[in-house]
Amino acid sequence: MSALLITLFIAMFLPYLAKLPLIKAMNDRPGGYDNRLPRQQQAALKGFGARATAAHYNSFEALMVYACAVFIAVSMGKVDGLTIALGWIFVAARVGYVVCYWIDKASLRSLIWLVSMIVSFWMAGRAIWG
């Protein structure tokens, strides 16, 4: 079970990893990082900055789905080798997703997003109905 919880711990850091280039993009704008209204500044970003913003926000969205899947598996006592493998696939997919957003590979990013969602729902479904 601890291996699965390690994947969740890593997944918790991914939104902040995704934010690092966003901070740089915001600092590179005239006037620098707007700490008073950062969401307004992020909404005005174009190109790489806009993609970094989207990667950051989507990382939180994906975390909620994955965290629910982990909690379901743990609470149902259904943590096995496949569940742990699915957890590591999720982490790898989410890292790939963020990188694809940064380098503007939209089709590959969407495919990787689909993989991360499939493994999350697979994990939860196996615990509930398996």
Side-chain angles (χ1 to χ4, degrees):
M1 182 178 348
S2 64
L4 183 62
L5 295 177
I6 289 169
T7 68
L8 181 56
F9 189 76
I10 293 168
M12 290 167 46
F13 276 110
L14 293 178
Y16 302 100
L17 171 69
K19 180 141 185 175
L20 294 176
L22 173 57
I23 292 168
K24 179 174 179 358
M26 292 170 70
N27 277 323
D28 289 346
R29 304 263 307 181
Y33 188 98
D34 183 355
N35 199 39
R36 290 177 188 256
L37 298 168
R39 299 251 172 148
Q40 284 183 4
Q41 184 184 26
Q42 291 166 8
L45 294 172
K46 304 289 183 217
F48 176 79
R51 292 191 311 274
T53 300
H56 172 61
Y57 292 157
N58 187 269
S59 295
F60 280 115
E61 295 162 5
L63 175 60
M64 292 306 300
V65 173
Y66 182 65
C68 289
V70 170
F71 294 151
I72 290 168
V74 169
S75 69
M76 300 291 289
K78 302 286 181 141
V79 177
D80 59 9
L82 179 55
T83 304
I84 293 166
L86 292 172
W88 286 112
I89 292 168
F90 176 86
V91 169
R94 292 306 304 176
V95 170
Y97 177 89
V98 169
V99 170
C100 284
Y101 235 134
W102 292 342
I103 63 174
D104 201 16
K105 299 292 182 187
S107 295
L108 181 58
R109 182 192 81 231
S110 294
L111 179 62
I112 291 172
W113 174 86
L114 183 60
V115 168
S116 70
M117 292 298 103
I118 287 171
V119 299
S120 295
F121 284 99
W122 186 3
M123 180 186 298
R126 282 184 77 238
I128 294 168
W129 293 292

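Every heavy atom of this structure was used, including side-chain atoms; hydrogens, water molecules and symmetry mates were not.
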Residues V65 and S120: closest non-hydrogen pair is CG1-CB, 3.8 Å
Between CZ on residue F90 and CE on residue M117, distance to nearest 0.5 Å:
5.5 Å
Is it the case that one hydrophobic cluster holds both F13 and I6, taking links as side-chain heavy atoms less than 4.5 Å apart, direct or via other members?
no
How far apart are the closest heavy atoms of S59 and P15, and which atoms are they?
CB-CA, 3.5 Å
W129 side, atom CH2; K78 side, atom NZ - distance, nearest 0.5 Å:
12.5 Å
Consider only side-chain heavy atoms of I, L, V, M, F, W and Y, link residues closer than 4.5 Å, and tell whether L82 and M123 are in one cluster.
yes
Honestly curious: do F121 and I118 fall in one hydrophobic cluster under the side-chain, below-4.5 Å linking rule?
yes
For the student: nearest non-hydrogen atoms of D34 and L37, plus distance
OD1-N, 3.1 Å
L14-Y16 co-clustered via ILVMFWY side chain contacts under 4.5 Å:
no
Please set out all donor-acceptor pairs under 3.5 angstrom arising from side-chain atoms of residues 98-116, sequence neighbours excluded.
| from | atom 1 | to | atom 2 | distance (Å) |
| --- | --- | --- | --- | --- |
| S110 | OG | A106 | O | 3.2 |
| S116 | OG | W113 | O | 2.7 |

Nearest 0.5 Å please: distance from the OH atom of Y66 over to the OG1 atom of T7.
2.5 Å
Quick one: does V95's side chain get under 4.5 Å of I10's, heavy atoms only?
no
With the side chain counted from C-beta on, respond yes when L63 and L8 share a heavy-atom pair under 4.5 Å apart, and no when they do not.
yes
Please examine the side chains of N58 and Y97, heavy atoms only from C-beta on, and report whether any two atoms are closer than 4.5 Å.
yes
Can you confirm whether more than 12 heavy atoms, excluding those of F9, are under 6.0 Å from its CZ atom?
no
Does any part of the side chain of F60, heavy atoms only, come nearer than 4.5 Å to the side chain of H56, both counted from C-beta?
yes
Residue pairs passing the side-chain hydrogen bond (donor to acceptor under 3.5 Å, both in side chains) test where at least one lies in residues 42-55, sequence neighbours excluded
Q42-Y57
Do L5 and V74 touch side chain to side chain, with heavy atoms closer than 4.5 Å?
yes
Contact between I72 and R126 at the side-chain level, heavy atoms closer than 4.5 Å - yes or no?
no
Would you say V119 and W88 make side-chain contact, with heavy atoms under 4.5 Å?
no
Sequence neighbours excluded and cut-off under 3.5 Å, please list the side-chain donor-acceptor pairs for residues 25-33, or say none.
| from | atom 1 | to | atom 2 | distance (Å) |
| --- | --- | --- | --- | --- |
| N27 | OD1 | Y33 | N | 3.3 |
| N27 | ND2 | I23 | O | 3.3 |
| D28 | OD2 | K24 | NZ | 2.9 |

How many angstroms lie between OG in S2 and CD1 in I84, if you round to the nearest 0.5 Å?
7.5 Å
Please report the closest heavy-atom contact between L22 and G49, naming both atoms and the distance.
CD1-O, 3.9 Å
Of all heavy-atom pairs between A62 and R94, which one has the smallest distance, and what is that distance?
CB-CZ, 3.4 Å
Do W122 and I128 sit in one hydrophobic cluster, given that two such residues count as connected whenever their side-chain heavy atoms are within less than 4.5 Å of each other, even indirectly?
no
